[in-house]
Asks: 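Next up is a structure, given as structure tokens.
Lettering follows sequence order; numbering is per chain, from 1.
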2 protein chains.
Amino acid sequence: MQPDQSPPAEDAFSADLLRGHTDTIVLATLRRGDRYGFEIYKAIRDATGGAHEIKEATLYATYRRLTRDGLVEAYWGDESQGGRRKYYRITDAGRAVFRRNVAAWRATRDVVDTLLTDKEPRS
Amino acid sequence: MQPDQSPPAEDAFSADLLRGHTDTIVLATLRRGDRYGFEIYKAIRDATGGAHEIKEATLYATYRRLTRDGLVEAYWGDESQGGRRKYYRITDAGRAVFRRNVAAWRATRDVVDTLLTDKEPRS
DNA sequence: GACAGGTACTGTATCTGATCAACTACTGGA
DNA sequence: TCCAGTAGTTGATCAGATACAGTACCTGTC
């Protein structure tokens, strides 16, 4: 994080702010049905109106991690004459982790909201 | 992050979920007045009822970063006979960055909420 | 006085997720 | 043919968070 005082930035997304959520976001996308890698990339980019983008390399690293941990399963599509597409399917373990992660996210979100709120905690 | 399927965990805080927010949380604390390092540590720990704790080492790394970037100023307290305490004071630049970071947090929060929302886009 | 335990600060090494910067490979259009 | 877009992948690197270890001081207790 550079000092960069310059940009006005209300859309000051920082990669670190999303860090740790990527897995959950991918799992959320896969809950709605199998998707191939680039499709997930586009889905996330479009869901935020292009404001936020998770980089391809980040996502492919995520797929590896999720696959390694058994949270998703990968299989090649049968686009034999088109470009190859690797599809991902969420597993039961993946659904369980997703639910836990959403709970963790909500708890974290509330904690941060509390900590950033200017109100003095009336004791 | 291990596969650890075991713990039930509604309080499943992950360090990475807070990543990038530490600076802002510290700045938020300092907006209410000068604090010394360990005091901030306790303040954050207590503000969440002990549910969340930012590790000392993390905070001291944060102080270094904030000082380096001119967002806070450090000075030694005059506890000449007590244990030394290094106090931190938020600068104008720090206040400006804080405001921007809060905006970024809100935007990020809403993006994550959107992405994790279960609603099927009925087509 | 010795000692435990809490307060307070610091440095070093390591882990991990995110990103950069390439690269391969196919398709369709100008 | 060249280019842009789609699609997947890898290796190097960065930075924040943490583990771990250490220093130093204070208070209360035996």
Asks: Below 4.0 angstrom from OP1 or OP2 of D/dA17, is there any side-chain N or O of B/T22?
Replies: yes
Asks: Among residues at least two apart in sequence or on other chains, which ones pass side chain to side chain donor-acceptor pair (under 3.5 Å) with B/Y41?
Replies: B/E53
Asks: Between N or O atoms, less than 3.5 Å apart, protein on one side and nucleotides 9-13 of chain D on the other: list the pairs.
Replies:
unit_1	atom_1	unit_2	atom_2	d
D/dT9	OP1	A/K86	NZ	2.7
D/dT10	OP2	A/R64	NH1	3.3

Asks: With sequence neighbours left out, write down each residue that passes salt bridge (charged side-chain N to carboxylate O under 4.0 Å, His left out) with B/R45, or none if nothing qualifies.
Replies: none
Asks: Output yes when at least one side-chain N/O atom of B/K42 is less than 4.0 Å from OP1 or OP2 of C/dA8, else no.
Replies: yes
Asks: Kindly assign one of parallel, tilted or perpendicular to the pair A/Y36 and A/Y87, based on the angle between their ring planes and the thresholds 30° and 60°.
Replies: perpendicular
Asks: Between atom CZ in B/R19 and atom P in C/dA18, what is the gap in whole Å?
Replies: 9 Å
Asks: Could I get the full list of side chain to side chain contact (heavy atoms under 4.5 Å, CB included) partners for B/D110, not counting sequence neighbours?
Replies: none
Asks: Taking OP1 and OP2 of C/dA8, is either one under 4.0 Å from a side-chain nitrogen or oxygen of B/Y41?
Replies: no
Asks: I'd like to check the side chain to side chain donor-acceptor pair (under 3.5 Å) partners of A/T58; sequence neighbours left out, ordered by chain and number.
Replies: none
Asks: Just the rounded figure in Å: distance from C1' of D/dA7 to OH of A/Y75.
Replies: 16 Å
Asks: What's the CZ-P distance between B/F38 and C/dT10, to the nearest Å?
Replies: 13 Å
Asks: For the pair made of CZ in A/R35 and P in D/dG8, what is the distance, rounded to whole Å?
Replies: 13 Å
Asks: From C/dT7, D/dA17, C/dA18, pick the nucleotide closest to the side chain of B/R85?
Replies: C/dT7
Asks: Please report the distance, rounded to the nearest Å, between NZ in B/K55 and P in C/dC9.
Replies: 18 Å
Asks: Can you list everything that forms a side chain to side chain donor-acceptor pair (under 3.5 Å) with B/D113? Sequence neighbours excluded, please.
Replies: A/W105, A/R109
